[in-house]
Chemist: 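Next up is a structure, given as structure tokens.
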Amino acid sequence: MRRAPVGDATFPAPLWAWAAVTVVIVVMLAIDLLSHRDNHVIELREALIWSAVWIGAGLLFGLVIWFWRGGEPAVAYYSGYLLEKALSVDNVFVFALLFGYFRVPAAYQHKVLFWGVVGALVFRLAFIIAGAELLQRLAWAGVVLGAFLIWTGWRLAVRGEPDVDPERNRVVRLFRRLVPTEAGYHGDRFTVRAGGRRRATLLLVSLVAIEATDVVFAIDSVAAILAITTNTFLVWTANAFAVLGLRSLYFCLAGLLRHFGYLRYGLAVLLAFAGLKLILAETPVGKLPIWLTFTVVVVTLSVSIGWSAFSARRGRSRAAGGRGEGGKP
């Protein structure tokens with residue numbers, strides 16, 4: 001096999017690179033699990049520190065790619081990482097709804113998210129391998145996937161967040177039908193023995209609900225990153241390092257989501273752009289350059305986040321002015 005030149009984002013990653021990344025991910029997960037084995041409630045300061053650790057690891061790996069393979073693969077990685085990080089805000093919103101619905105105690109939420117992330121990594125790796133193979137073998141797959149992303153972006157912009165009612169989730173309903181389930185919580189245990197048989201606790205049901213909804217998000221995010229590059233190593237590492245910080249991001253943003261009201265419009269634009277990029281790749285226009293994709297991702301996220309922050313600040317100013325004119329709030 002001819003070795004791809006340095007700087008080519010289509011380079012074949014050797015087996016040792018996959019093994020090294022896997023070891024790093026497993027070690028990071030083990031450190032995180034041991035650090036929270038006492039099931040304490042995660043406060044904002046701790047969540048911010050861990051978020052900085054995970055984000056730093058993701059950015060540092062991009063530098064590793066840069067020095068190892070050159071600028072274009074590194075830019076492709078960073079583009080995918082930023083896109084996945086932005087899309088993960090939607091996951092945070094859904095997690096908050098599910099935890100509220102199941103009334104998951106704050107001390108046990110990290111454990112649910114930890115195993116949810118482990119499941120998400122497995123599912124996304126499978127989707128990445130299958131999606132990349134599909135795009136390489138079937139020319140029309142890019143058009144179909146692109147149309148799906150454009151439709152997903154339109155749906156997000158027009159309809160907002162997806163319906164996450166666990167009672168209407170087929171996976172959760174099937175799980176409850178097949179697996180005997182306890183009505184409440186038994187500490188941080190996923191299963192208990194009651195009435196002479198093993199039963200699932202409500203904590204395990206909440207984990208199943210999170211895994212089921214994350215599969216839907218994984219399809220959108222993996223398809224969007226495959227529009228940037230079909231290099232499975234870059235797509236996988238961008239996904240993995242973004243998802244690793246999802247738990248800390250949840251505890252940082254769960255109470256601040258109202259300040260990102262316009263972020264979904266930016267995400268909708270990025271999904272539609274990724275879909276258009278996939279479709280154009282199958283036309284005489286060809287693949288759009290990586291630098292253009294990176295620029296669109298950064299500018300779109302910056303504008304939507306800035307727009308959200310400005311609107312939230314203006315809303316607070318109006319509310320303060322109203323209280324000042326009317327006396328008591």
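When a residue number appears, it is its place in the shown sequence, counting from 1. What you see is a predicted model, and the numbers here were worked out from it, not measured in a lab.
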Chemist: Counting N and O atoms only, with roles assigned by atom type, does the side chain of Thr191 sit under 3.5 Å from a partner on the main chain of Arg199, one being a donor and the other an acceptor?
Modeler: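 A pair under 3.5 Å: no.
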
Chemist: Evaluate the side-chain proximity of Asn239 to Leu125: yes if any heavy-atom separation is below 4.5 Å, no if none is.
Modeler: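 Sidechains of Asn239 and Leu125: no contact.
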
Chemist: Would Val26 and Val24 show up in the same hydrophobic cluster when neighbours are defined by side-chain heavy atoms closer than 4.5 Å?
Modeler: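 Val26 and Val24: separate clusters.
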
Chemist: List in chain and number order the residues that pass side-chain contact (heavy atoms from CB on, under 4.5 Å) with Ile25, two or more places apart in sequence or in another chain; answer none if no residue qualifies.
Modeler: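 Partners of Ile25 by the side-chain contact (heavy atoms from CB on, under 4.5 Å) criterion, ordered by chain and then number, come out as Val21, Leu29, Leu121, Trp236, Ala240, Leu244.
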
Chemist: Which ILVMFWY residues are connected to Val303, directly or by a chain of links, through side-chain heavy atoms under 4.5 Å apart?
Modeler: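 So far as hydrophobic clustering goes, Val303 is joined with Val299.
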
Chemist: What are the two closest heavy atoms between Pro180 and Arg197, and how far apart are they?
Modeler: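 Answer, listing the atom of Pro180 first, then Arg197: CG-NH2, 3.2 Å.
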
Chemist: Would one find more than 12 heavy atoms of other residues, nucleotides or ligands at under 6.0 Å from atom CG of Leu15?
Modeler: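 No, because the 6.0 Å sphere around CG of Leu15 holds 12 heavy atoms or fewer from other groups.
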
Chemist: In terms of hydrophobic clustering (I, L, V, M, F, W, Y; side-chain heavy atoms under 4.5 Å; direct or indirect links), are Val122 and Phe233 co-clustered?
Modeler: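 In one cluster with Val122: Phe233, no.
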
Chemist: By salt bridge (Lys or Arg N to Asp or Glu O under 4.0 Å), which residues pair with Arg198, not counting sequence neighbours?
Modeler: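 Arg198: no salt bridge (Lys or Arg N to Asp or Glu O under 4.0 Å) contacts found.
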
Chemist: I'd like to know if the side chain of Thr230 and the backbone of Leu226 have a donor-acceptor N/O pair within less than 3.5 Å.
Modeler: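 Side chain of Thr230 to backbone of Leu226: no pair is present.
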
Chemist: Locate the shortest heavy-atom distance separating Asn231 from Thr229; write the atom from each residue and the value.
Modeler: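 Asn231 and Thr229 have their closest heavy atoms at N-OG1, 3.1 Å.
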
Chemist: Between CG of Leu207 and CG of Leu202, what distance do you get to the nearest 0.5 Å?
Modeler: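 Reported to 0.5 Å precision, the distance equals 11.5 Å.
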
Chemist: Do the side chains of Glu84 and Val243 get nearer than 4.5 Å, heavy atoms only?
Modeler: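 Result yes, sub-4.5 Å side-chain heavy-atom pair found.
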
Chemist: Looking at residues at least two apart in the chain, or sitting in another chain, which of them share a side-chain contact (heavy atoms from CB on, under 4.5 Å) with Ala272?
Modeler: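 Testing Ala272 for side-chain contact (heavy atoms from CB on, under 4.5 Å), a comparison that skips the adjacent residues, returns none.
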
Chemist: Using the test ring-ring contact (aromatic ring centres under 6.0 Å, His included), find all partners of Phe241 that sit at least two apart in sequence or belong to another chain.
Modeler: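 Listed in chain order: Phe61.
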
Chemist: Between the side chain of Thr201 and the main-chain N/O of His186, is any donor-acceptor distance below 3.5 Å?
Modeler: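 Between the backbone of His186 and the side chain of Thr201 there is no qualifying donor-acceptor contact (under 3.5 Å).
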
Chemist: Are Val112 and Phe123 connected in the hydrophobic side-chain network, where two residues link if heavy atoms are under 4.5 Å apart?
Modeler: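 The answer is yes; both residues are in one hydrophobic cluster.
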
Chemist: Would Val192 and Leu204 show up in the same hydrophobic cluster when neighbours are defined by side-chain heavy atoms closer than 4.5 Å?
Modeler: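 Val192 and Leu204: separate clusters.
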
Chemist: How far apart are the closest heavy atoms of Gly80 and Ala238, and which atoms are they?
Modeler: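 What the structure gives for the nearest pair is C-CB, 3.9 Å.
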
Chemist: Does CZ belonging to Arg193 count more than 12 external heavy atoms closer than 6.0 Å?
Modeler: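 Correct, the count exceeds 12.
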
Chemist: Is it the case that one hydrophobic cluster holds both Trp50 and Trp115, taking links as side-chain heavy atoms less than 4.5 Å apart, direct or via other members?
Modeler: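 Yes, it is one cluster - the side chains of Trp50 and Trp115 are joined through contacts under 4.5 Å.
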
Chemist: Does any N or O in the side chain of Tyr81 come within less than 3.5 Å of the main-chain N or O of Thr237, such that one atom is a donor and the other an acceptor?
Modeler: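 Side chain of Tyr81 to backbone of Thr237, a donor-acceptor pair under 3.5 Å: no, none is there.
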
Chemist: Side-chain contact test, heavy atoms from C-beta onward, threshold under 4.5 Å: evaluate it for Lys85 versus Ile55 and give yes or no.
Modeler: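 Answer yes - side chains close enough.
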
Chemist: Could you measure the distance from the CG atom of Leu234 to the OH atom of Tyr77? Nearest 0.5 Å is fine.
Modeler: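 Result: 9.5 Å between the selected atoms.
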
Chemist: Could I get the full list of side-chain contact (heavy atoms from CB on, under 4.5 Å) partners for Val27, not counting sequence neighbours?
Modeler: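 Result, side-chain contact (heavy atoms from CB on, under 4.5 Å) vs Val27: Val23, Ile31.
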
Chemist: For Leu203 and Ser206, which heavy atoms make the closest approach, and how far apart are they?
Modeler: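 Taking every non-hydrogen atom into account, O-OG, 2.6 Å.
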
Chemist: I need the minimum non-hydrogen distance between Tyr78 and Leu59, along with the two atoms involved.
Modeler: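 Shortest heavy-atom separation between Tyr78 and Leu59 comes out as OH-O, 2.6 Å.
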
Chemist: Locate the shortest heavy-atom distance separating Ala17 from Trp68; write the atom from each residue and the value.
Modeler: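 So the two residues come closest at CB-CH2, 3.9 Å.
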
